[in-house]
Every structure is written in C-alpha cells, then in structure tokens.
Amino acid sequence: MKEVIIKKPILIIVSIFLLINYNVSPASSFLNTSRIGRKEYSLSLRRKTLFLSAIKKQQQQQKEDVVLRTNNLSSDRDDSISRSIIEEEGTILGFPKKSVATPLGLLLVSQFLLFIGVGAVIPSIPLYGKEIGLSSASNGLIISAPAVALLLGAKLGGNFADKARKPAMLIGMALVAVSDLGTALANGLVSVTIARLGLGAGRCINEAGERGMLADLAGRAPKLRGRALSAQQATIALGIAIGAPLGGVVVERFGPRAAFLIVTAAALMVCVLYLFLPETINYNTSGSSQSRSNNISISNDYNKQTTTADVIVVGDGSDNENNGEWTKLLSSGTWRGLALCQCGASFGFAAKIASIPLIATSILPGGAAGAGALISIAGLSGIVGAPIGGWLTDQTSAKSTAMLSGLVSSTGLVLIPVALSFTTETTPLIPFLSEFLENTGLTLQAAAFSACAIVWSMGASAQGPALTALAQEMAPLGSEATAMALPRATGDATYIFAPFLLGLVADRYSLGTPGIECAVAGTATLLGVMALLWSSLMTEEEKPLIK
C-alpha cells in the first residue's frame, strides 16, 4: 500500500512534465503558458514551425532529386540500349538495322507511294469543287469534310492504335482507298460529302497507327529522333513533288475526278506493303519503353517515403487510357501551346489546298499543270526543309525548332498579297531577275508568288518533324498514339472551319486585295508560334512521364 502511495505522486509529476513539454492537449497548453510564460511558449511554437518548414523543404528536395535521377537514368538507359542494339544488329545511316532501319524504310516507302497519289489530288481538289458548281466558301466546306471525321474519331483511333499499330494502319488505309474511289465516282454534293467523311475516318485510324509506329521506332534510337521524323517529312515532300505535276497533267487531260483514281491505286498498294511491317508494340524490347519502364523502381521506392505530386505517374496497362486523357494533358502549358501551334499550322495547310492552287492556276502558265508544277517545286523545297528541321531538333530542341520554322512559314504566307501586287511597270527589276523572267516566261507577279509559296513550304516541312518530336517526347508510355492524336485533333478541328473561313475572305476581299486569305492563314500560323513561345515562358519544363 505504501508503494502505491509513493508511486502515485511520481506518476503525476511525470505526466505533468510530459504534458508541458509535448503540448498534447489544451490542458498542457494552459499549464505551459502559465508556468513558462507566453513569450517562451511563442518561441517554442516558432521553433516547431521552423522545424516543420525544414522538413517540408527536405521532402521537396527529395522530390527534385528523384526527378533528376529519373531523367539521368532514362538517358543512360536509352544510350545503353541503343549501343547494345547497334552492336548486335549493325547500322544503316546510324539506325539499328533490324529493329529500326528495315521497318522504318518500309514505312517510308509506303508513305512515298501514298503521297504520290495525294500529290496528284492536291491541285485537283478546288477544281473538283468548281466543276460541280461550288463557290469558294462551299468548296472550303467540302475540303474540310475529312477533318470533321478526323476530329470526331481522333480519340478512338488513338486508343485503337495503342492496342495494335499494324491492324489500325491496315483498316484505316483500306477505308481510305474505298473513300477515294467513292469520291471519283460521286455524282452530287451529298455523295461527295459522304465519301470525304469516309476518307477522314480512314485517315484517322491509319494515321494514329502510323504515328504510334513511328514513335516506337524513333524511341529505339532516341538520339536520332529528329533524323527519323525528318526522313518521313522529306519522303512525303518528295512524293507530293512527283505526284503534283502528274495530277496536273491528268486533270488537264481527263478532268479532276481522274486524280482520285490515282490515290485509290496508291492506297491499295500501301495496304499490301503494310502486311510486311512488324507489330512494334512490344514494351519488353522497345528501347524507349524499356528505358522508361526501368524508372518504376525509383518512383516506387520514393513513393514509400513521400508523395510525388509533381511527377506524372504512368500506371500499368489498365491505366494507360487514363494517362492519355486529353483533359489531363491539356492541364500542361506545353501541351496547350503545342495544340495551339498545330492549329496555326493547319491554317497554312488549308491555304495550300483551298487558295494556293486557285491563285496558281490563274497566274501561272499552263493553268492546272502550272499549279501542279508549283506544288511539285514546293514539295522539293520541303526535301530541304525537313532535314534542316530534323537536324535542328536533334541539335537544339523540338520546341525552339518548331517556333523558328513556324516563323518562316508564316512570313511566306503573309507576303503573298504583296507578291501579287508586283508589276513590271511599278517594280524596278535587276538585270538578273529580268533575264530569269524572260527565260521562264513568268510574270514578276507569278515569280514572287511562287517564291512565297516555296518559303512557306520550307518552313512548314521543317516545323512538322519538330512538332511531332515534341509530342513524342511528352507522350505517356502506353498511350503514345492517343496522346499524339491530341495536337492532330486540334489541327483537324481548325481545318474544319479554316478552308471555309479562307474562302469567305477570298470571296469578299480578293478582288481588292488578291491573296488576302493567304495573309490571314499566315497570321494564324504566327499566332500559333506565339502561343508555343508563351507556354515555354510561363510554364516550367515538363515533368517526366514515368511508369
């Protein structure tokens, strides 16, 4: 009994001491303030606040260290995997022979054949609308009809392509062939619109698979990403350069409908070539996917210690669709800037289809054949612009290359009304230029207009690989095709109304200011470049996408 009585005061004293020092209840606060004074209590709280702040700073530093280690590991793994693949397979033009160069070469040959057909169609599309009695604005609606299907099906096409690249490419290209045949055989506005919508649906599925496959192949040689994308752009430009004059001759001889039969035949040949392509969704062997999946251990170990709110975590296959959600991607400033830049670029391509062929037909010798020749020369200039864009992307960055090339392409379009205002009576000519015009049979107006179109083509062909590379760099693992469909979908959304808007401008103002619609398109391209620049200035560098 005595021992209990002795222990009770001791327990009471110990309890009071603990309450005073650790502040675990309101009573302890009262005792503390009453015994050591408000001043000392305030100092104690301040010390605790500083201690908690130091802990938070330490946790933030740990987060930044994990991000840095993840970036370094990803780069080291990419280099290590690329070296091991090169040692095992050998190289062609720097690319691993079996895993990259062979399938990439076959893919480029397929696109070359396809774009010979596409080039044949380009000068005939606005003439086709004129043949069935459409105004410039109504013709713009027909031109933009595929963009409606491209926009509506972009997300579904991307999801499908993320499951399997090759089936998406085959199904989409078969639908393209059927739709182009339907356009050639259409006999009215309704049937043409249905065929053009089918073309958009086929392109939506096919291009999602192509973008995904190209991302897979480029990921196996990440240091040569710009080179691979520029090779694709140069291939497309060369195909158009060959197909455009061919289309001009065909249109002059057989009418605009015949050009669609050419692209139908090209699409059918591409379907056959696609059968020999390998399926590239293989996350255990893909260089980029392998290197990025190796980041799992770092992120998981770190998540056991603290939160990683600043790191975008990519889950397993079941979560890939969520990581490719466009609303989540658009929460990033760089994705928003990329999407707006693609919108601006789409205005330039709308002018290429809806306006430039009509202007060229009216001022160049040969009519439609002259327009086809100009598009061919512009395509050949793209063979120069695309490698420059790819080289700059590899040497500097995709974002800076996209902005610089966009500035060049917008300048070419904005200067078209100025070029069309030139006359030999009002503009003094240097001897060399005068001799050139005499030898070619061109007017000063036609030569200046052609120069502006070529400048636009060079800038646009350099910008294409840079925008694609930027999207590839930021795309989440397992949702590459879905994520990369976002900027394309915003461009397609723009393309829905851009030809119609440019047609309205042409109908209303082209008599007073010829080519004004091209200047409008160039201004839109410049605004897209400014949006990408603004996003890079106002947002931090993108966080890595790790599994």
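For this chain, numbers begin at 1 and follow the sequence in order.
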Tell me, with the steps shown, if Leu420 and Ile363 meet side chain to side chain contact (heavy atoms under 4.5 Å, CB included). CA-CA 9 Å; Leu420 294 176; Ile363 67 172; 3.7 Å; yes

Show the numbers, then the answer: is there a side chain to side chain contact (heavy atoms under 4.5 Å, CB included) between Tyr274 and Asn206? CA-CA 11 Å; Tyr274 278 171; Asn206 169 257; 3.3 Å; yes

Test side chain to side chain contact (heavy atoms under 4.5 Å, CB included) on Val148 and Leu197; report intermediate values, then the result. CA-CA 7 Å; Val148 176; Leu197 289 172; 4.1 Å; yes

Going through the distances and angles, do Val176 and Met173 end up as a side chain to side chain contact (heavy atoms under 4.5 Å, CB included)? CA-CA 5 Å; Val176 166; Met173 189 54 63; 4.2 Å; yes

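Taking CD1 of Ile383 as the reference point, atom OG of Ser230 lies at 12.0 Å (rounded to 0.5 Å). We find the CG-OG1 distance between Leu229 and Thr468 to be 5.5 Å, quoted to the nearest 0.5 Å. Taken to the nearest 0.5 Å, the CG atom of Leu151 stands 11.5 Å off from the CZ atom of Arg488. A distance of 6.5 Å separates CD1 of Ile454 from CG of Leu374, quoted to the nearest 0.5 Å. Remark: Leu526 CG to Thr411 OG1 distance equals 7.5 Å, nearest 0.5 Å. Ile388 CD1 to Ser405 OG: the interatomic distance, rounded to the nearest 0.5 Å, is 10.5 Å.
Between the side chains of Thr264 and Asp180, not a single donor N or O lies within less than 3.5 Å of an accepting N or O. Using a 3.5 Å distance cut-off with no hydrogens or angles, the side chains of Glu210 and Gln111 do pair a donor with an acceptor.
Put simply, the side chain of Met458 reaches to within 4.5 Å of the side chain of Val384, judged on heavy atoms. By the 4.5 Å heavy-atom criterion applied to side chains, Leu214 and Leu104 are counted as neighbours. Put simply, the side chain of Leu501 does not reach to within 4.5 Å of the side chain of Glu517, judged on heavy atoms. Within the 4.5 Å cutoff, side-chain heavy atoms of Met474 are placed close to those of Leu338. Residues Gln463 and Val529 have side chains in contact (heavy-atom distance under 4.5 Å, counting atoms from C-beta outward). Contact of the Leu364 side chain with the Ser450 side chain is registered, since non-hydrogen atoms from C-beta on lie closer than 4.5 Å. Residues Thr183 and Leu199 form no side-chain contact, since every pair of their non-hydrogen atoms from C-beta on lies 4.5 Å or further apart. A 4.5 Å side-chain heavy-atom check between Leu527 and Phe347 finds every atom pair outside the cut-off.
In this structure, Arg257 contributes its side chain and Ala186 its backbone to a donor-acceptor pair below 3.5 Å. Proximity of a side-chain donor or acceptor of Thr525 to a complementary backbone N or O of Gly344 within less than 3.5 Å is detected. Although no hydrogens or angles enter the test, the distance criterion places a donor-acceptor pair under 3.5 Å between the side chain of Ser397 and the main chain of Ser400. Between the side chain of Ser381 and the backbone N or O of Ala378, at least one donor-acceptor pair lies under 3.5 Å. Judged purely by atom type and a 3.5 angstrom limit, Arg336 uses its side chain to pair as donor or acceptor with the backbone of Leu330. With Thr482 contributing its side chain and Gly158 its backbone, the two residues share a donor-acceptor pair below 3.5 Å. Between the side chain of Lys166 and the main chain of Leu277, a donor-acceptor pair closer than 3.5 Å is present.
Taking each heavy atom of Phe449 and Ala419 in turn, the nearest pair found is N-CB, 3.6 Å. When all heavy atoms are compared, the tightest approach of Thr334 to Ser535 is CA-OG, 4.2 Å. Smallest separation of non-hydrogen atoms from Ala339 and Thr490: O-OG1, 3.3 Å. Between Ser409 and Trp456, the closest heavy-atom pair is O-CD1, 3.4 Å. Closest of all the heavy-atom pairs between Ala259 and Val251 is CB-CG2, 4.4 Å. Smallest separation of non-hydrogen atoms from Cys204 and Gly153: SG-O, 2.8 Å.
The only member of Leu486, Leu470, Leu340 that meets side-chain contact (heavy atoms from CB on, under 4.5 Å) when paired with Trp335 is Leu486.
Other residues, nucleotides and ligands contribute more than 12 heavy atoms inside 6.0 Å of the CZ atom of Phe497. Other residues, nucleotides and ligands contribute only 12 or fewer heavy atoms inside 6.0 Å of the CE atom of Met530.
Under the 4.0 Å criterion applied to side-chain N and carboxylate O atoms, Arg165 and Glu279 are not assigned as salt-bridge partners.
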